[in-house]
Structures are given as C-alpha cells and as structure tokens.
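Before any comments, here is the structure.
On a predicted model such as this, the values are computed, not experimentally measured, just so you know. Along the sequence shown, the residues carry numbers beginning at 1.
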Amino acid sequence: MLKKLREYVEYMRTQFIKQILEGEGIQVLLKSSSGIGQEYFGSGVMYDIYVSEEEYEIANLIVEKFEKGGIILDELKKTPLYEKHKELGAKMGEFAGWELPLWYTSIIDEHKAVRENVGIFDVSHMGELFVEGREAESCLNYLITNNVSKLEVGDILYSPMCNEQGGIIDDLLVYRISTDSFMLVVNASNTDKDFNWVVNNSKTFDVEVSNKSHEYSLISFQGPKVQEQLQKYLKEIDLEKFNYFTFKEIELEGENVLISRTGYTGEDGFEIYLSPKIVVKVWDNLINLTREVDGKPCGLGSRDTLRFEAKLLLYGNDIDETTTPLEANIKWTIDFSKDFIGKGALLSQMEEGIKRKLVGIEIFDKMPVRHGNEIYNNNDENIGYVTSGLKSPTLNKNLALGYVSIPYSSIGSKLTIINRNKRLSAQVVKTPFYRGSVKSNK
C-alpha cells in the first residue's frame with residue numbers, strides 16, 4: 001500500500017524531493033490535481049508524494065532533514081543549449097538529473113505546432129553507448145530481444161533490453177554504424193544503469209563498450225513540414241529518399257554529424273547527433289527555419305503529450321523492470337529464433353498466457369486520470385492501473401494507457417477508474433490514439 005508523504009504547490013520542489021528519495025533507493029509515486037499534460041505547470045496544482053508504507057518512516061526522516069537544510073542536492077546537469085533556452089523564455093525543470101525546458105509558451109501551443117507545422121526539441125540528455133568489436137553483433141543479439149543481424153549499415157532498430165525475468169531494463173534504439181560498431185541510444189534516466197548492465201553482460205564477448213554521451217548533443221526536428229524546412233539547410237542530401245528508421249553521416253558546419261529519420265512524436269521527423277561545439281549554431285539555424293512556418297521550440301511537456309497520443313511508450317510509466325514486452329503489447333520487438341537474456345522467462349510467460357496487457361482507454365468524464373489510478377471492472381474488482389493519462393490536445397478526449405487483466409483487454413471492454421475518490425466510466429479503445437505524418441518503410 002502507498003502512503004502520502006508530503007504535498008507541495010511547487011513542481012520543482014516536488015522534483016527535488018523525488019531526486020533525494022530515489023537517490024536513497026526509495027520508490028516514489030507523484031500525483032497531482034491535474035492530468036499528466038498539466039503536471040508540468042499551472043497555478044493551484046497540488047503535487048502529492050507517495051511512498052510505500054514500509055518505507056514511509058525512513059522517507060519522512062530524509063525529507064525532514066532536507067527541509068532543515070541538512071541535505072545538499074547534486075547540481076543539475078545542463079545541455080550546451082541551456083542559455084539559448086533561457087533567452088527563449090523557457091520554463092526550466094528537472095528531469096533525470098538534468099535542467100531542461102518544460103515549455104516555452106505553453107504545452108498546448110507547442111503540441112499544436114508539432115502536429116500542424118514544425119517543432120524543435122533539445123534532447124541532448126539522451127544517452128549514447130557504443131558496442132564495438134569483432135563480436136559486437138552477437139553481443140547485442142544476446143543483450144536485446146530484437147535481432148540486430150537484420151540491420152544493414154545505416155539502419156536503426158527499436159528494442160527492449162530485458163533482465164533474466166523478462167522485465168524491461170530499458171527500451172532503446174540501435175544504430176548500425178558499421179559491420180562491427182553499434183550505437184545504443186538509451187533513456188537519460190537509465191544511462192548509467194544501462195552502461196553497467198551492458199558492460200557486465202558482455203564480458204564473454206570480444207567487444208569494447210563505451211559511454212560517449214558527453215560527446216553528443218541531440219536536436220529533434222519534428223512535424224509535417226519538417227522535410228521541406230530541413231531541406232533548405234541540408235542542401236547536399238535528398239531528404240525525399242531518406243527512409244524512416246535509417247541514418248546518414250554527413251558534414252555539417254565543418255564537422256561530421258549523424259542524422260536519422262526518427263522521432264518520439266508520431267509525426268515525420270529528423271534527429272541530429274552532433275558535437276557540443278557546433279550545436280548552438282545548428283540550433284539557431286533550425287530555429288529560424290522553424291519560425292518560417294509558425295513552428296516553435298518545444299519542451300518536455302509537449303514531448304510527453306505528443307508521444308502519448310501516438311502510443312510511444314514512456315519508460316518508468318508504461319514499462320519498467322516489473323513489466324515484460326509481452327505484457328506491454330510489443331511482442332513484435334522479440335525474435336525468439338535467437339538466444340537473449342530473458343528469453344526463457346518470456347517463453348514461459350507466452351506458454352502460460354499473459355495475465356495482463358497494456359491497453360488504450362477512453363474516459364467518459366471531464367476529469368483526466370493519472371499514473372497510478374486503479375482500474376476496476378463492473379463487479380468492483382481491481383483489474384489494473386493507469387500508466388499514463390491526459391486530455392488529448394489533438395482529439396479533445398480524456399485518454400489513458402493502462403495494464404488490465406486479460407479478460408478485460410478487448411476493445412469495447414467497460415472499465416471504471418478511481419481518481420480522487422470519484423468513479424469514472426471508461427472503455428478500452430484501439431491504439432494508437434492518433435496517427436500523424438510519421439513515415440513508414442512498410
């Protein structure tokens with residue numbers, strides 16, 4: 001059972017407390033009086049911090065020590081574009097130990113800009129790990145559930161990386177740089193954990209593993225007008241022939257950079273991995289191209305609402321080490337024809353039949369639901385919980401993702417979600433909730 005530890009009206013203070021407790025190994029659940037899309041801003045919003053009953057007393061002592069000035073927080077990391085964000089009037093906040101833009105004008109404005117025109121994101125906090133050597137391909141096939149052998153040089157693959165129990169350590173992208181060199185793009189909150197996992201589980205392979213995150217900045221350029229605008233800057237490449245989930249190494253502003261046709265928004269997009277030395281110049285050029293079509297710089301707030309509508313999973317919310325790829329409904333990322341960590345557990349789960357599944361949900365009420373809200377059937381039996389929820393800016397509906405027991409996972413199944421002691425009628429619906437301009441090779 002969870003127990004409320006504190007409530008605050010300041011988002012940043014909530015994040016500081018969360019950072020402290022998680023640094024002590026205490027799991028934290030945040031709830032607010034608004035949906036996830038509102039969670040980054042808004043006057044009058046209360047932020048509640050919950051911990052398990054077993055950890056409540058120690059957590060309370062830790063927070064009391066912090067409030068009395070006895071704990072010093074680690075300084076938040078900043079990307080090379082930090083001063084640019086301040087100049088643009090960004091509201092900054094903490095995420096995974098980084099101080100990043102939450103929004104510039106508003107989450108809704110930025111969400112709309114990406115859906116209709118162009119949005120530009122600084123995602124330099126993402127981690128870049130490299131696995132290189134004679135047995136790099138075999139090593140990666142052992143580490144992840146998907147199959148890197150099908151990648152040509154210049155191809156990209158999405159895959160979970162699981163533990164022995166089939167739980168998801170992280171979901172990541174694999175870039176095949178050459179025959180024996182691969183780049184893994186991992187979630188910022190998991191960079192150190194992933195690096196240690198890869199190092200510890202690659203010792204029997206003839207490979208070198210390195211964390212080169214500090215060598216890269218990353219800009220994401222997203223929206224239906226992104227190709228025509230980026231083509232004005234990258235004149236030597238024909239972007240029309242640039243396939244989805246592929247990348248090229250090119251020269252830009254006097255340096256070699258890597259550009260991929262990828263994104264986390266449900267719209268067409270490109271992402272540029274580049275040196276911190278040139279990132280400010282490239283950012284300024286892309287900002288000008290963004291403004292030409294009424295686009296906007298965008299923060300983490302709209303990045304979350306955009307990915308949610310497209311049912312792009314968020315690690316720590318929709319998936320984690322307690323969930324498997326089968327339960328998360330991404331079985332297509334598993335290749336059982338090869339050996340990999342967690343294969344036995346996943347095969348057993350598949351043979352026995354999964355007990356729960358991640359589904360899309362529509363809520364028939366004005367009140368949005370939030371991460372952690374419990375889900376019930378019509379007999380008042382608890383059958384699951386919400387992982388992500390918000391009022392969709394594009395569809396103007398209250399929607400959610402959540403794990404529910406298999407008998408209630410079919411489209412059309414009637415559900416009840418409890419939020420702030422209110423019973424909300426809901427129903428399982430088809431996902432993704434929204435399909436945009438994102439390209440496909442199929």
Q | Minimal non-hydrogen separation, V404 against S409, with atom names | A | CG2-CA, 3.8 Å
**Q.** Spacing of NZ belonging to K439 relative to OG belonging to S437, to within rounding of 0.5 Å
**A.** 6.5 Å
Q | Sidechain-backbone polar pair: S405 side chain, P407 backbone, donor-acceptor under 3.5 Å | A | no
Q.
Taking the side chain as everything from C-beta on, heavy atoms only, tell me whether L286 gets closer than 4.5 Å to I272.
A. yes
Q.
For a side chain to side chain donor-acceptor pair (under 3.5 Å) check, start with the C-alpha distance between N141 and S149, then their side-chain angles and the critical distance, and finish with the verdict.
A. CA-CA 8 Å; N141 270 334; S149 297; 2.9 Å; yes
Q) Heavy-atom count around K150 NZ within 6.0 Å, excluding the residue itself: above 12? A) yes
Q: Spell out, as yes or no, whether a donor-acceptor pair under 3.5 Å connects the side chain of S388 to the backbone of A400.
A: no
Q | Main-chain N/O of N201 paired to Y142 side chain as donor or acceptor, under 3.5 Å | A | no
Q.
If the condition is salt bridge (Lys or Arg N to Asp or Glu O under 4.0 Å), which residues does R115 pass it with, not counting sequence neighbours?
A. E267, E309
Q: Measure the spacing between CG of D170 and CD of E321 and express it to the nearest 0.5 Å.
A: 9.5 Å
Q) Do L314 and L401 come within less than 4.5 Å of each other through their side chains, counting heavy atoms only? A) no
Q: Check for a donor-acceptor pair, side chain of K355 on one end and backbone N or O of G353 on the other, with a separation under 3.5 Å.
A: yes
Q: Look at the side chain of S413 and the backbone N and O of S410, then say whether any donor-acceptor pair between them is shorter than 3.5 Å.
A: yes
Q: Decide yes or no on salt bridge (Lys or Arg N to Asp or Glu O under 4.0 Å) for K296 and E110, but give the supporting numbers first.
A: CA-CA 6 Å; K296 292 181 179 294; E110 293 161 24; over 6 Å; no
Q: Flag the pair Y158 / N146 as yes when at least one side-chain heavy-atom distance between them is below 4.5 Å, and no otherwise.
A: no
Q: For R176 and D155, indicate whether the former's side chain and the latter's backbone hold a donor-acceptor pair under 3.5 Å.
A: no
Q: Find the distance between CG (D109) and CH2 (W103) and round it off to the nearest 0.5 Å.
A: 12.5 Å
(Q) Before you tell me yes or no, could you show the steps for I120 and I219 under side chain to side chain contact (heavy atoms under 4.5 Å, CB included), namely the whole-Å CA-CA distance, both residues' side-chain angles and the distance that decides it to 0.1 Å? (A) CA-CA 7 Å; I120 180 172; I219 297 174; 3.7 Å; yes
Q.
Tell me whether T324 contacts the main-chain N or O of G167 through its side chain, where contact means a donor paired with an acceptor under 3.5 Å.
A. no
Q. What distance do L81 atom CG and I287 atom CD1 have between them, rounded to the nearest 0.5 Å?
A. 9.0 Å
Q | Derivation of the side chain to side chain contact (heavy atoms under 4.5 Å, CB included) call for V123 and Y264 | A | CA-CA 11 Å; V123 285; Y264 193 53; over 6 Å; no
Q.
Test: salt bridge (charged side-chain N to carboxylate O under 4.0 Å, His left out). Region: residues 324-340. Which pairs qualify, not counting sequence neighbours?
A. E327-R356
Q | Minimum heavy-atom distance between V131 and A136, given as atom pair plus value | A | O-CB, 3.8 Å
Q. Is the backbone of I169 close enough, under 3.5 Å, to the side chain of K193 for a donor and an acceptor to pair up by distance?
A. yes
Q. Atom CZ of F182 and atom CG of L140: how far apart are they, to the nearest 0.5 Å?
A. 6.0 Å
Q) Do you know which of T265, D268, T262 makes side chain to side chain donor-acceptor pair (under 3.5 Å) with Q222? A) T265
Q) Would the number of heavy atoms belonging to other residues, nucleotides or ligands and lying under 6.0 Å from CD of E236 be above 12? A) no
Q: Using a 4.5 Å cut-off on heavy atoms from C-beta on, say whether the side chain of L258 contacts that of I177.
A: yes
Q: I would like to know whether N117 and D294 meet side chain to side chain donor-acceptor pair (under 3.5 Å); could you show each step before the answer?
A: CA-CA 7 Å; N117 300 308; D294 296 323; 5.4 Å; no
**Q.** Heavy-atom closest contact (R261 atom, N243 atom, distance)
**A.** CB-O, 3.5 Å
Q. Between E381 and Y408, is a side chain to side chain contact (heavy atoms under 4.5 Å, CB included) present by the stated rule, with each step listed?
A. CA-CA 11 Å; E381 297 170 325; Y408 306 95; 4.0 Å; yes
Q: Heavy atoms only: give me the nearest A345-G166 pair and the separation to one decimal.
A: CB-N, 3.9 Å
Q. What do the steps show when you test Y233 against V282 for side chain to side chain contact (heavy atoms under 4.5 Å, CB included), and what is the final call?
A. CA-CA 9 Å; Y233 188 27; V282 174; 3.7 Å; yes
**Q.** Qualifying residues under side-chain contact (heavy atoms from CB on, under 4.5 Å), relative to S210, sequence neighbours excluded
**A.** F130, E132, K212
(Q) With heavy-atom distances below 4.5 Å as the criterion, would you say the side chains of L274 and E253 are in contact? (A) no
Q.
Walk me through whether T290 and Q229 qualify under side chain to side chain donor-acceptor pair (under 3.5 Å).
A. CA-CA 7 Å; T290 300; Q229 291 305 103; over 6 Å; no
Q | Contact list for residues 272-291, test ring-ring contact (aromatic ring centres under 6.0 Å, His included), sequence neighbours left out | A | H85-W283, Y175-Y273
Q: Without swapping roles, check the side chain of Q231 against the backbone of L234 for a donor-acceptor pair under 3.5 Å.
A: yes
Q: Return the minimal non-hydrogen interatomic distance between C298 and F121, and the atom names on each side.
A: CB-CE2, 3.3 Å
Q: Begin from the C-alpha positions of H111 and T394 and carry the test side chain to side chain donor-acceptor pair (under 3.5 Å) through to its verdict.
A: CA-CA 8 Å; H111 182 107; T394 304; 2.8 Å; yes
Q: Answer yes or no: does atom NZ of K112 have more than 12 heavy-atom neighbours from other residues, nucleotides or ligands under 6.0 Å?
A: no
Q: Step through the shown structure and confirm whether more than 12 heavy atoms of other residues, nucleotides or ligands are within 6.0 Å of NZ on K4.
A: yes
Q. Any side-chain heavy atom of D194 within less than 4.5 Å of one from N187?
A. no
Q) Looking at residues at least two apart in the chain, or sitting in another chain, which of them share a side-chain hydrogen bond (donor to acceptor under 3.5 Å, both in side chains) with N382? A) none
Q) Do T387 and Y385 come within less than 4.5 Å of each other through their side chains, counting heavy atoms only? A) yes
Q) Are V226 and L239 side-chain neighbours, meaning at least one heavy-atom pair lies under 4.5 Å? A) no
Q) Of the non-hydrogen atoms in V174 and L151, which two are nearest, and what is the gap between them? A) O-CD1, 4.1 Å
Q) How far does CD of E228 sit from NZ of K232, to the nearest 0.5 angstrom? A) 6.5 Å
Q) Are the side chain of D320 and the backbone N or O of G316 linked by a donor-acceptor pair below 3.5 Å? A) no
Q) Considering residues at least two apart in sequence or located in another chain, which fulfil the salt bridge (Lys or Arg N to Asp or Glu O under 4.0 Å) criterion with E87? A) K84
